[in-house]
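Shown next, in structure tokens, is the structure this report addresses.
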Protein chains: 2
Amino acid sequence: MKSNSTRKPDLSAQIAQAIRDAIMSGQMIVDERLPSEAELADQFQVSRPTVREALKRLAAQSLIRTERGAFGGAFVNRLSYEEAYSQQITTSTLLLSMNTVSFATACEARYALERACTRLASERRTPDHLAAMRAETHRQAQPGLSDECFCASDVAFHRALVDATDNPVLRYQLAGAVEAMQPLMNMITFTARSREEIVRLHNRIADAIEAQDPETASATLSELETYTLELGQNVMAERAQKRDSA
Amino acid sequence: MKSNSTRKPDLSAQIAQAIRDAIMSGQMIVDERLPSEAELADQFQVSRPTVREALKRLAAQSLIRTERGAFGGAFVNRLSYEEAYSQQITTSTLLLSMNTVSFATACEARYALERACTRLASERRTPDHLAAMRAETHRQAQPGLSDECFCASDVAFHRALVDATDNPVLRYQLAGAVEAMQPLMNMITFTARSREEIVRLHNRIADAIEAQDPETASATLSELETYTLELGQNVMAERAQKRDSA
DNA sequence: TTACTTTTAATTGTCTGACATTTAAGTTGC
DNA sequence: GCAACTTAAATGTCAGACAATTAAAAGTAA
């Protein structure tokens with residue numbers, strides 16, 4: 001009889017959903033104060049701890065913030081760009097690390113998204129953006145660089161490419177691809193890859209962006225995609241072989 | 001003296017962060033059971049309600065799930081694709097609706113991302129995908145359709161285009177761009193003439209995808225971007241005028 | 001033995017009531 | 001008028017209790 005999955009969510013979850021709906025439908029505006037915990041407990045006919053659990057759920061999603069003291073309380077929060085950016089990374093990281101998404105699929109998506117940036121980046125790149133990219137390729141070429149630093153620099157290079165579009169929404173949307181997928185790919189391929197080849201391709205991308213040539217930038221990104229995919233497949237094959245012999 | 005922003009986070013927030021770190025660093029694996037609330041209260045030297053608030057925070061982020069009964073408890077949750085998708089939409093919607101992101105910026109990002117899908121969609125579109133797109137353009141052409149339904153159909157059309165890439169990661173990453181734009185689009189599609197033009201462009205896009213012609217699809221998306229931007233600016237201008245005269 | 005029922009123990013869900021802490025506004029003293 | 005103190009309102013935290021749920025264990029009958 002019980003509807004299988006979730007017949008009855010917690011009271012705190014129900015209350016959280018009710019308030020969430022009110023906020024997201026625009027019934028409550030930013031910085032508006034919610035009723036006090038005691039008043040909410042009264043309205044929903046539950047105890048204060050239950051209300052508090054609901055409010056903590058909303059706080060975890062950055063939908064509200066709470067302030068202590070007289071005239072404090074819970075307020076509808078304006079989601080800051082930084083919070084959204086960081087949530088985007090968290091969710092993407094979890095999805096990639098815990099779900100069975102194939103390396104090839106993630107790779108394909110990541111480079112497709114990044115190629116979407118080349119036109120705007122070419123049009124708008126400033127000397128600062130170019131300098132940032134050059135700084136990273138230069139760092140990547142240093143022989144003594146640790147694997148961790150090389151990976152961090154790799155991420156920074158791609159972040160600089162996205163930043164060059166000068167579009168915060170695009171930057172936000174690509175956060176998952178750059179900050180979550182790139183490290184994942186680095187983890188898989190760092191044993192097998194040729195730094196030289198990667199630096200060469202990075203330099204070609206930077207050159208193309210500087211020359212305002214989005215086609216070449218996109219084509220080079222595609223080369224990088226092919227190379228990464230190849231490395232990933234080799235590593236996977238090796239791992240499979242080890243498993244068999246073990 | 002007080003470091004301005006957040007000198008001392010709540011205990012429940014601290015505990016949530018500690019557990020979050022443990023999960024995201026891989027110290028706890030999927031489906032692993034956390035200690036019971038009583039044990040956690042003991043470990044962290046706090047009361048059970050405080051522990052519960054921390055757990056609710058994590059549950060709100062889908063990091064854990066809880067089961068009741070003996071041998072129940074809190075378990076590290078495998079973030080499902082659907083949960084990630086829905087969180088992506090929630091965060092993007094909030095960012096777009098509550099922050100001062102210009103319509104032009106959002107529009108630019110959305111179409112740049114969508115053009116990133118045309119190549120894969122052209123290669124892989126199935127009859128089902130094509131049928132889905134045609135169904136929506138057909139619906140959009142019906143004269144009696146309400147604004148809400150038109151916009152919902154608009155979103156469905158673009159969703160079908162993304163689905164045609166047959167790449168779940170891409171689909172996830174684009175969820176924000178496609179679904180969260182709906183409220184913004186609601187403002188600009190209310191005249192018959194603009195609907196006509198939009199349907200015309202949608203049909204051209206579907207034609208191009210069917211003909212496996214990504215260049216035409218991309219170009220048409222760019223036309224749609226220009227047109228959408230124009231409509232948006234007109235709406236903004238009208239509103240400004242009304243504000244002045246009022 | 002097997003299948004069914006009952007009991008039991010562990011755990012989360014919820015409530016009550018209390019106290020501590022923080023903060024802004026009001027009040028008092030000078 | 002200004003500084004120090006008081007007060008009130010709110011969140012943060014705690015302790016203890018009971019209800020509800022659930023899987024395992026124990027018991028029971030065929």
Side-chain angles (χ1 to χ4, degrees), chain A residues 1-20 22-23 28 31-77, chain B residues 1-20 22-23 28 31-77:
Chain A
M1 269 324 106
K2 56 173 170 181
S3 60
N4 195 347
S5 51
T6 50
R7 179 169 80 277
K8 204 172 59 176
D10 292 346
L11 281 179
S12 70
Q14 290 177 42
I15 292 166
Q17 190 56 50
I19 300 175
R20 190 173 8 249
I23 294 175
M28 307 203 64
D31 291 332
E32 185 174 341
R33 185 177 172 282
L34 276 71
S36 73
E37 295 176 355
E39 287 172 309
L40 286 172
D42 231 42
Q43 280 183 31
F44 288 103
Q45 287 286 299
V46 296
S47 66
R48 193 157 82 93
T50 302
V51 167
R52 281 181 63 79
E53 286 177 10
L55 293 179
K56 295 312 168 199
R57 287 177 191 268
L58 299 176
Q61 294 183 302
S62 303
L63 275 160
I64 61 169
R65 63 175 188 281
T66 54
E67 292 170 17
R68 296 184 67 173
F71 294 76
F75 297 83
V76 178
N77 194 35
Chain B
M1 264 324 104
K2 59 172 171 181
S3 59
N4 195 345
S5 50
T6 51
R7 181 166 80 273
K8 205 172 59 177
D10 293 346
L11 280 179
S12 70
Q14 290 177 41
I15 291 167
Q17 190 56 50
I19 300 175
R20 184 164 23 240
I23 294 175
M28 307 204 64
D31 290 334
E32 187 175 340
R33 185 178 170 283
L34 276 72
S36 72
E37 295 177 354
E39 285 172 310
L40 285 172
D42 233 42
Q43 279 183 32
F44 287 104
Q45 287 285 299
V46 297
S47 67
R48 196 158 82 92
T50 302
V51 167
R52 281 182 62 79
E53 286 178 11
L55 293 179
K56 295 313 170 201
R57 287 175 191 267
L58 299 175
Q61 294 182 302
S62 303
L63 274 160
I64 62 169
R65 64 176 187 281
T66 56
E67 291 170 15
R68 297 185 66 172
F71 295 75
F75 297 84
V76 177
N77 193 34

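Considering all non-hydrogen atoms of both residues, B/R33 and B/G72 come closest at NE-O, 2.8 Å.
Here the C1' atom of nucleotide D/dT13 and the CG atom of A/L55 are 16 Å apart, to the nearest Å. Following rounding to the nearest Å, B/F44 (CZ) and D/dT13 (C1') show an atom-to-atom distance of 16 Å. Remark: P of D/dA24 and CZ of B/R68 are 18 Å apart, rounded to the nearest angstrom. To the nearest angstrom, C1' of D/dT11 lies 6 Å from CD of A/E37. For A/L11 and C/dT16, the CG to P distance is 12 Å, given to the nearest whole Å. Computed from coordinates, the B/R65 CZ to D/dT21 C1' distance equals 17 Å when rounded to whole Å. Distance CG (A/D10) to P (D/dA19): 19 Å, rounded to an integer number of Å. As a whole-Å value, the separation of A/E67 CD from D/dA9 P is 18 Å.
Distance OG/A/S47 to CZ/A/R52: 11.0 Å, rounded to 0.5 Å. Of the inter-residue distances, the one linking B/I23 atom CD1 with B/L34 atom CG reads 6.0 Å to the nearest 0.5 angstrom. Between the CD1 atom of B/I15 and the CD atom of B/Q45 there is a distance of 10.5 Å, given to the nearest 0.5 Å. Atoms CD1 and CZ, on B/I19 and B/R57 in that order, are 11.5 Å from each other to the nearest 0.5 Å. The distance from atom NZ of B/K56 to atom CG of A/D10, rounded to the nearest 0.5 Å, is 5.0 Å.
Listed by residue number, the members of residues 46-54 of chain B with any heavy atom below 4.0 angstrom from DNA chain D are B/V46, B/S47, B/R48, B/T50.
Side-chain contact between B/N77 and B/L58 is absent, with no heavy-atom pair separated by less than 4.5 Å.
With B/R65 contributing its side chain and B/A59 its backbone, the two residues share no donor-acceptor pair below 3.5 Å.
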Show the distances under 3.5 angstrom between N or O atoms of the protein and N or O atoms of nucleotides 6-10 of chain C.
residue, atom, partner, partner atom, Å
C/dA10, N3, B/A70, N, 3.2

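Taking A/T66 as the reference, nothing meets the side-chain hydrogen bond (donor to acceptor under 3.5 Å, both in side chains) condition, with sequence neighbours excluded.
In this structure, A/T66 reaches the D/dG12 phosphate: one of its side-chain N or O atoms is under 4.0 Å from OP1 or OP2.
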